[in-house]
Protein chains: 2
Amino acid sequence: MGTVGKAISLLELFTVAEPELGLTELARRAGFDKATTRRLLLALTDNGFVEQDAATRHYRLGAGLSRLARIREARFPFLQTAVPLVRDLAGATAETVHLSEFGTDRLVTVHVEHPAWANRVNIDIGQLLPLHSTASGIAYLAFARGETVKACLAGPLDAFTAHTLVEPAAISRSIGEARDRGYSICDQGLEEGVISVAAAILAADGFAIGTIAVAAPKARTTTADIAQRGLAVMAAAREISMRLNGDNLQTLRRQA
Amino acid sequence: MGTVGKAISLLELFTVAEPELGLTELARRAGFDKATTRRLLLALTDNGFVEQDAATRHYRLGAGLSRLARIREARFPFLQTAVPLVRDLAGATAETVHLSEFGTDRLVTVHVEHPAWANRVNIDIGQLLPLHSTASGIAYLAFARGETVKACLAGPLDAFTAHTLVEPAAISRSIGEARDRGYSICDQGLEEGVISVAAAILAADGFAIGTIAVAAPKARTTTADIAQRGLAVMAAAREISMRLNGDNLQTLRRQA
DNA sequence: AATAACGGTTCAAATAATGAACCATCATCC
DNA sequence: GGATGATGGTTCATTATTTGAACCGTTATT
C-alpha cells in the first residue's frame with residue numbers, strides 16, 4: 001500500500017460509534033508504527049481532514065471533508081435528492097429506511113431514518129454493506145455491470161447467519177428474482193431476526209449507483225408487509241432515479 | 001510537501017464550478033508530473049475519494065468523501081443544526097445567507113441559501129473566505145483564540161478592493177467593534193458593491209468555530225437594513241451555538 | 001516512589017516516490 | 001490522407017521520502 005492509501009485507511013478507522021481515537025489506538029488498529037501514524041495524522045491535520053482535540057489530544061475527522069463532500073454533492077446531488085423520499089418512506093412504513101451509495105466495492109450507508117419504536121433495526125451512517133447478504137446488495141447487483149456481479153460472486157462470500165446465501169448459484173437466482181420483481185428481499189442474511197426489502201437507484205446509463213431499503217424486525221413483519229414495502233421502496237427508488245437523471249425516462253432501461 | 005499532502009492538494013483542485021478535471025489539467029494546476037498525478041489519482045480512486053468517468057476519463061470527487069463527512073457530521077452536527085436557521089434567515093432577509101466553518105487557516109463555506117432576486121450575491125459551496133476582508137472573517141476573529149488573530153494580522157493581507165482594510169490596526173479596530181456590537185459589518189471588503197454582516201457561532205469553550213452571514217448588493221441596502229440584519233444574524237448565531245452546545249449557556253462566555 | 005500508558009520525537013536503514021522519455025489514441029487541419 | 005498536437009497512460013533508473021526501534025516527557029495509577 002502506498003502512503004496515500006495508508007493515510008486514508010487511518011480515516012476509515014473513525015466510525016459513528018467511535019468518532020474520536022487516540023494515537024496509540026489508531027496505530028494499533030491500522031497496524032502502523034506509532035511514528036508513522038503520527039506523521040500521517042499530521043499531514044491529514046495540515047489539510048483539515050483530521051482535527052485534534054486540544055484537551056484530550058485525541059483525533060477526529062475534520063472539516064475539510066465536509067467541504068469536499070459538499071462540492072461533490074453540488075455536482076451530484078444524491079443525498080439532497082434522495083433524503084426527502086427516504087423520510088417519506090420512513091413515515092409511511094414506520095420502519096428503518098436506509099440509503100446507500102456504491103463506492104469501490106461495497107455499498108456505503110449515507111443516510112438513515114429510524115422509526116420511534118424501541119424495537120427497531122439500528123443502522124449507523126457510514127456502515128458498509130456486503131453485496132451478497134443484504135437486500136440492498138442484491139438490489140444493487142440486479143442492476144449492476146456484469147463485471148461487478150462476477151467479481152462479487154467470485155470473491156469470498158461470508159455466511160453471517162445460518163440463512164445467508166453463500167452459493168453463487170443461489171445468489172444469482174436471488175438477483176434474477178429481484179430484477180424481475182423490481183425489488184429484492186433479504187431474510188436474515190446479515191443478522192438474525194431482520195428482514196429487509198430494497199430497490200436500486202439508477203444512473204442515466206441504466207446501471208445502479210445506490211439503493212434504498214426498508215429493514216424491520218421479522219417478528220412483526222407479515223408477508224403482506226413485505227409486498228407492500230417492496231412496492232413502496234421500488235416507487236421511491238424510481239422517483240429518486242428520475243429526479244437525478246432529469247426526465248429522460250427512456251435512458252433508464254439498461255442497455256448492456 | 002509529503003505525498004499525502006500532494007494527494008489532498010489534488011482533491012482541493014475540484015470546485016463547484018469545475019467539478020470534473022482531466023489528468024493533464026490536474027497535473028498542470030497542481031504543478032506535479034503527469035505520472036505522479038496519475039499515481040496519486042489511482043490511490044485516491046482505490047479508496048473512493050475520486051471517481052473516473054468511464055466515458056470522458058475525467059476525474060471527479062468520490063463517494064468515500066460523503067461517507068466520512070457524514071461520520072463527522074454525526075459526531076458534530078454543525079450542518080444539521082445550522083441549516084434550518086440559515087434557511088429561516090434567508091426567508092426573513094430575502095438576501096443571500098451563508099454558513100461557514102473554520103478549517104486550518106480559513107473559513108470554508110459549507111452552506112448557502114440564495115434569494116429569488118436576479119440581482120443577488122452569489123456564493124458557491126466550498127468557497128474559501130479570507131479572514132481580514134469579509135464580514136464572516138471579522139466576526140470569526142472577534143471570538144477566535146489570540147494566536148489565530150495574531151497569525152492573521154501577521155500574514156499577508158491582500159487588498160481585494162479599494163475598500164479592503166489592510167492595516168493591522170484598522171482590522172484590529174474592526175474586530176473590536178464586532179465583538180462589542182455582537183456582529184460584524186464588511187463594506188465591499190472582498191468585492192465591490194457587496195455589503196455583508198456576520199456573527200460568530202461558538203463552541204462550548206466560548207471560541208468561534210464558524211459564522212453565519214448575510215450578503216447583499218449595496219445598491220439596495222440601507223443603514224436600517226444593516227442594523228436589522230445584524231440583529232437577525234446575531235440571534236441566529238446564538239441559537240445555533242446554543243443548540244450545538246446543549247443548553248449550557250454559561251460556558252458561552254469566552255474565558256481566555 | 002515505582003509503574004505503566006500515552007503522546008510525541010529521533011535518525012540510520014529500507015522503501016517508495018519521482019519524472020523524462022515513451023507509447024497509444026483521438027480529433028483537427030492543411 | 002497523413003502530418004500535427006493534445007490527451008490519457010506507462011516505464012524504470014534515480015532520488016527523496018517513509019519507516020520503526022528506541023527514545024523522552026508527561027500524566028494517571030498503585
Side-chain angles (χ1 to χ4, degrees), chain A residues 1-15 17-62 64 72 75-76 104 145 147 205 256, chain B residues 1-15 17-62 64 72 75-76 104 145 147 205 256:
Chain A
M1 196 189 333
T3 316
V4 175
K6 287 184 190 171
I8 296 180
S9 77
L10 277 183
L11 295 175
E12 307 284 2
L13 295 175
F14 296 95
T15 61
E18 294 183 301
E20 295 203 321
L21 296 165
L23 172 61
T24 307
E25 190 63 20
L26 283 164
R28 202 180 55 72
R29 296 201 191 181
F32 305 149
D33 186 87
K34 209 152 45 97
T36 302
T37 306
R38 175 145 162 76
R39 206 167 26 74
L40 293 172
L41 285 170
L42 269 187
L44 291 167
T45 307
D46 285 346
N47 292 282
F49 275 34
V50 158
E51 293 169 355
Q52 186 174 30
D53 189 293
T56 66
R57 314 240 97 187
H58 282 200
Y59 298 88
R60 59 164 174 264
L61 296 175
R72 172 181 159 80
R75 199 202 84 87
F76 189 68
T104 320
R145 290 187 162 72
E147 59 206 78
D205 60 9
Chain B
M1 197 190 330
T3 315
V4 176
K6 288 184 189 172
I8 296 180
S9 76
L10 277 183
L11 296 175
E12 307 284 1
L13 295 175
F14 296 95
T15 61
E18 294 183 300
E20 294 203 322
L21 296 165
L23 172 62
T24 306
E25 191 62 20
L26 283 164
R28 203 180 54 70
R29 296 200 191 182
F32 304 150
D33 187 87
K34 209 153 45 97
T36 301
T37 306
R38 174 145 164 75
R39 206 166 24 74
L40 293 173
L41 285 170
L42 270 187
L44 291 167
T45 307
D46 285 344
N47 292 282
F49 275 35
V50 158
E51 293 168 356
Q52 186 174 28
D53 188 294
T56 67
R57 316 241 92 187
H58 282 200
Y59 298 88
R60 60 165 173 263
L61 296 176
R72 171 180 159 79
R75 200 204 84 89
F76 188 67
T104 319
R145 289 187 163 73
E147 59 205 81
D205 60 8

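The figures here come from the full heavy-atom set of this structure, side chains too, leaving out hydrogens, waters and symmetry mates. Sequence lines set the chain letters: A, B, ... in the order given, protein chains first and strands last, and positions in each chain run from 1.
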Open item on the list: Rounded at 0.5 Å granularity, tell me how far OH in Tyr59(B) sits from OG1 in Thr45(B).
Closed with: 6.5 Å
- [ ] Whole angstrom is fine here: how far is it from CZ in Arg57(A) over to P in dT26(D)?
- [x] 12 Å
Task: Minimum heavy-atom distance Arg145(A)-Asp205(A), with the two atoms named - done: NH2-OD2, 3.1 Å
- [ ] Between Ala35(A) and Ala35(B), name the one whose nearest nucleotide on DNA chain C is closer to the 5' end.
- [x] Ala35(A)
- [ ] Record whether the side chain of Lys34(A) comes under 3.5 Å of the base of dG8(C) through a donor-acceptor pair of N or O atoms.
- [x] yes
Task: Derivation of the side-chain contact (heavy atoms from CB on, under 4.5 Å) call for Leu42(B) and Arg39(B) - done: CA-CA 5 Å; Leu42(B) 270 187; Arg39(B) 206 166 24 74; 5.6 Å; no
Open item on the list: Please tell me if Thr3(B) has a side-chain N or O lying less than 4.0 Å from either OP1 or OP2 of dT18(D).
Closed with: yes
Open item on the list: Measure CG/Leu40(A) against P/dA17(C) and give the value in whole Å, please.
Closed with: 11 Å
Can I get a per-line list of side-chain donor-acceptor pairs under 3.5 Å for residues 24-32 of chain A, giving both atom names and the distance, sequence neighbours left out?
residue  : atom : partner  : partner atom : Å
Glu25(A) : OE2  : Arg28(A) : NH2          : 2.8
Glu25(A) : OE2  : Arg29(A) : NE           : 2.7
Glu25(A) : OE2  : Arg29(A) : NH2          : 2.9
Arg29(A) : NH1  : Glu18(A) : OE1          : 2.7
Arg29(A) : NH2  : Glu18(A) : OE1          : 3.4
Arg29(A) : NH2  : Glu18(A) : OE2          : 3.1

Task: Whether Asp33(B) side chain and Ala35(B) backbone form a donor-acceptor pair below 3.5 Å - done: yes
- [ ] Starting at atom NE2 of His58(B), determine the distance to atom C1' of dG8(D), rounded to an integer number of angstrom.
- [x] 9 Å
Open item on the list: Distance check needed: dA17(C) C1' versus Lys6(A) NZ, whole Å only.
Closed with: 12 Å
Task: Nucleotide dT10(C), atom C1' - distance to CG of Asp33(A) in whole Å - done: 12 Å
- [ ] Verify the contact: side-chain N or O of Thr36(A) to OP1 or OP2 of dT18(D), cut-off strictly under 4.0 Å; return yes or no.
- [x] no
- [ ] Tell me whether the OP1 or OP2 atom of dG8(C) has a side-chain N or O from Tyr59(A) closer than 4.0 Å.
- [x] yes
Open item on the list: How long is the straight-line distance from CG of Leu44(A) back to OG1 of Thr37(A), given to the nearest 0.5 Å?
Closed with: 11.0 Å
Task: Rounded distance (Å) that lies between atom P of dT7(D) and atom CD of Glu25(B) - done: 8 Å
Task: Nucleotide dT7(D), atom P - distance to CD of Glu20(B) in whole Å - done: 16 Å
Task: Residues that Glu51(B) engages under side-chain hydrogen bond (donor to acceptor under 3.5 Å, both in side chains), provided they are two or more places apart - done: Arg72(A), Arg60(B)
- [ ] Considering just the side-chain nitrogens and oxygens of Thr24(A), establish if one lies under 4.0 Å of OP1 or OP2 belonging to dG7(C).
- [x] yes
Open item on the list: Strictly below 4.0 Å: does Arg39(B) bring a side-chain N or O up to OP1 or OP2 of dT18(C)?
Closed with: yes
Open item on the list: From CZ of Arg38(A) over to P of dT19(D), roughly how many Å is that when rounded to an integer?
Closed with: 15 Å
TODO: For the helix from dA1(C)-dT30(D) to dC30(C)-dG1(D), measure the angle between the helix axis at one end and the axis at the other, each built from five pairs, rounding to 10°.
DONE: 30°
